[in-house]
There are 2 protein chains.
Amino acid sequence: MASLSGGIAKAVTIRDVAAAADVSIGTASKALNGRGRMRAETRDRVLAAAERLGFRPNPLAQGLLAGRTYTVGLVTGDSFGRFSIPVMLGAEDALGAGQISVFMCDTRDDPIRERHYVERLLARRVEGIIVTGRRTEPRPGIGRDLPVPVVYAMTQSTDESDVSIIPDDEGGGALAARHLLATGRTRIGHVTGPQRFQAARRRAHGLTTELAAAGLEPAGEVLFGQWSEEWGRQGADVLLHTAPDVDAVFCGSDQIARGVAETLRERGRRVPEDVALVGFDNWEPMALGCRPPLTTVDMNLGEIGRLAATHLLDMIAGTAGSRPPAAGSPDGGSSGGVTIVPAGLVLRESTRRAAPQS
Amino acid sequence: MASLSGGIAKAVTIRDVAAAADVSIGTASKALNGRGRMRAETRDRVLAAAERLGFRPNPLAQGLLAGRTYTVGLVTGDSFGRFSIPVMLGAEDALGAGQISVFMCDTRDDPIRERHYVERLLARRVEGIIVTGRRTEPRPGIGRDLPVPVVYAMTQSTDESDVSIIPDDEGGGALAARHLLATGRTRIGHVTGPQRFQAARRRAHGLTTELAAAGLEPAGEVLFGQWSEEWGRQGADVLLHTAPDVDAVFCGSDQIARGVAETLRERGRRVPEDVALVGFDNWEPMALGCRPPLTTVDMNLGEIGRLAATHLLDMIAGTAGSRPPAAGSPDGGSSGGVTIVPAGLVLRESTRRAAPQS
DNA sequence: ATGAAAGCGCTAACAG
DNA sequence: CTGTTAGCGCTTTCAT
């Protein structure tokens, strides 16, 4: 506790510690870092002095010497939105454990600002950069031949050789499909976001593939629209019109699912008795506020962040050995390319199994 | 562009630049920093060499010398949740403009982790710390007599002398009340979060005070409950029971408002024709997804963050002059104590004026 | 077992 | 106008 409460810790250097312990600076350094051999008594004296004075080694000096900064940059274009935050937290988790500190930058999705920030991070000698986004759409990379490794998390570089960690949209769709099939549903509709989104297409593909494997097709058309509740309400009406006997709806987002739930209720369909409902995102305020609470696909964003951080650390460790960072070495296995993190399903009321079927 | 794309910028030092420009290191330094006078030709030669080599001054070395790091820490206990993010963005905005970089830490609301991170930030020689939270409840400070200034944003230290920037909950309540009164409502109910939250009490107080000024009282009791949609649904039923003639409801959060809206609709009350509705937070996914879209109080979180950053910078500038940081100097005016940022009202459908009243 | 000295990359004095 | 020197705080040889 002394170190925090013991008065203004004004720039106490190792010199002060050495003086207080009556040893040379070099000896003090060794004592503090546990290097070299020395009499236990001496070491203790130094440590005691350091503790008493509230000594903190200056990381700038250490870094200057070691040629390292133990920092990485975290760049988001998403204003640290709903998707990038869990990713960030996961990353910070993994990095923090390794004593790596994180510089945060928000680019407001502006390439100019992004460029600017990347420059700044490099100037600060970060040892790596994580780029996060709101959706998995491929985006231009933040720069070619950067002097530090870069990992894209929850977004993807258009450059295939860049390392990207993305959620398993297709698997999530399949997961939802299997769950609905397993609970006895067979007339499964799909209301989702704009078709131009890779995520929407992949989720739909996961669903239809899984249905096809069971000899089924989606009820009605796959309804592409917007990522909004409003669209969920409209889409549900369309679906009820084209496939009145629908007994389940898989939605491309929890927001859409809420809209769908609302319309279903107003049209006299009970959820989950008449129609089961599965969302996507596990955005808790939405999923829990829904009536009934929503079964939904969880992309494991935290895991994506953790994995991104772990990869980055590996890459840093790799390049630190002065190996040329550009080469996509075929040996590394996970070095380079896209890593897909499996999604999970969170079960709630909206798909509770109806009365057991004979 | 060369600096980013021109190959692996492997640790090019000022020494390299000097060599390339055929000048001494000192001269190179002066040329790069625009200090001292020198022949334009020499300066240009150095700058050209620096550009060509992709030279970036090492901030560790600069900082070591200057005794500054141009970094601040941003600590949140809120997992960078919905409230702390806009605050962060505002702060990052203000700081980024001043070339200050931000170290991000999430404490998961764990005092141990918090302590740990604060230690780490101090070890990194941040020049100041911003602490953000999810609610304005006063909390123990992060430490006494820290060597750097601290600003609490969207949260408050229990120590009155600490600098805190908080939203105007009371003013927000008053704003909602005035708006409803101005649109001709007189039987105004209030459904809000748990009474133990200062924010809930203040919002309620702002409302009742304003109503009292108009010779009115809240319709029914002020209903304290939870910060959830579910409670909004229940609360609305209670309100309709105790004050069936209610013509407006002010809600302590947008989530509550959504619940209220839902119940009102199901009970046959039209919003806004029969009952006007005002939320709190301007949480867009909620406020826009609501039927109808919600008029709501906006706490100006970004502004809170910006202000926190600005204050912090001022304090840093102040302490940098080696003035004892502890003293709560009575001169500074805004130095020390609590700053309240005014709230605003975002008008949407849920309070659209009914047919003009005679 | 301990101390002295060199040097990480840079800037700011002072010499030349 | 330019070069040399010292030193920021620390670690790490290498002498002692």
Side-chain angles (χ1 to χ4, degrees), chain A residues 9-47 49-50 53-71 99 122-127 147 320 322, chain B residues 9-47 49-50 53-71 99 122-127 147 320 322:
Chain A
K10 180 66 185 141
V12 30
T13 75
I14 196 171
R15 193 192 241 71
D16 304 324
V17 175
D22 199 39
V23 294
S24 76
I25 291 183
T27 305
S29 173
K30 274 180 251 173
L32 290 166
N33 297 297
R35 306 293 167 86
R37 248 184 283 291
M38 64 200 319
R39 221 182 329 160
E41 191 273 329
T42 309
R43 182 186 309 282
D44 292 346
R45 194 149 36 90
V46 173
L47 292 178
L53 273 55
F55 170 72
R56 274 180 240 280
N58 185 330
L60 273 65
Q62 296 184 138
L64 180 57
L65 204 55
R68 297 195 55 181
T69 58
Y70 302 97
T71 60
Q99 296 279 82
L122 293 176
R124 285 216 182 258
R125 299 289 199 272
V126 296
E127 299 184 18
S322 72
Chain B
K10 181 63 184 143
V12 28
T13 75
I14 197 171
R15 193 193 238 71
D16 304 325
V17 175
D22 198 40
V23 294
S24 77
I25 289 183
T27 303
S29 173
K30 273 180 258 176
L32 291 167
N33 296 296
R35 306 292 165 89
R37 248 184 285 288
M38 65 201 316
R39 223 183 328 164
E41 189 273 328
T42 310
R43 182 185 310 281
D44 292 347
R45 192 150 34 90
V46 173
L47 292 177
L53 272 55
F55 170 72
R56 272 180 241 281
N58 185 330
L60 273 64
Q62 295 184 142
L64 180 57
L65 203 55
R68 298 195 54 180
T69 57
Y70 302 96
T71 61
Q99 295 278 84
L122 292 178
R124 284 213 182 261
R125 300 287 198 274
V126 295
E127 299 183 19
S322 70

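In what follows, every chain begins at residue 1, and chains take the letters A, B, ... in the order their sequences are listed. Only a predicted model underlies this, so the values are computations on that prediction, with no experimental measurement involved.
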Considering residues at least two apart in sequence or located in another chain, which fulfil the side-chain contact (heavy atoms from CB on, under 4.5 Å) criterion with A:A49?
A:V17, A:A20, A:A21, A:R52
Of all residues at least two apart in sequence or in a different chain, which pass the side-chain contact (heavy atoms from CB on, under 4.5 Å) check with A:I25?
A:I14, A:R15, A:A18
Show every salt bridge (charged side-chain N to carboxylate O under 4.0 Å, His left out) that has at least one partner inside residues 37-47 of chain A, sequence neighbours left out.
A:E41-A:R45
Partners of [X] by side chain to side chain donor-acceptor pair (under 3.5 Å), sequence neighbours excluded?
X	result
A:R125	none
A:T42	none
B:N33	B:S29

The bend of the helix from C:dA1-D:dT16 to C:dG16-D:dC1, taken between the axes of its five terminal pairs at each end and rounded to 10°, is 60°
Closest non-hydrogen atom pair between [X] and [Y], with its separation:
X	Y	answer
A:L60	B:R124	CD1-O, 4.3 Å
A:L32	A:A50	CD2-CB, 3.7 Å
A:V12	A:G54	CG1-O, 3.5 Å

Students should find that the nucleotides of DNA chain C closing off the region near chain A, any atom under 4.0 angstrom from a heavy atom, are C:dA1 to C:dG9
Between B:E127 and B:T69, is there a donor-acceptor pair closer than 3.5 Å when you use the side chain of the first and the backbone of the second?
yes
B/S/- along nucleotides 10-16 of chain D (protein heavy atoms under 4.0 Å) is BBB----
Look at all strands and tell whether B:R37 reaches a base, only sugar-phosphate, or nothing, counting heavy atoms closer than 4.0 Å.
base
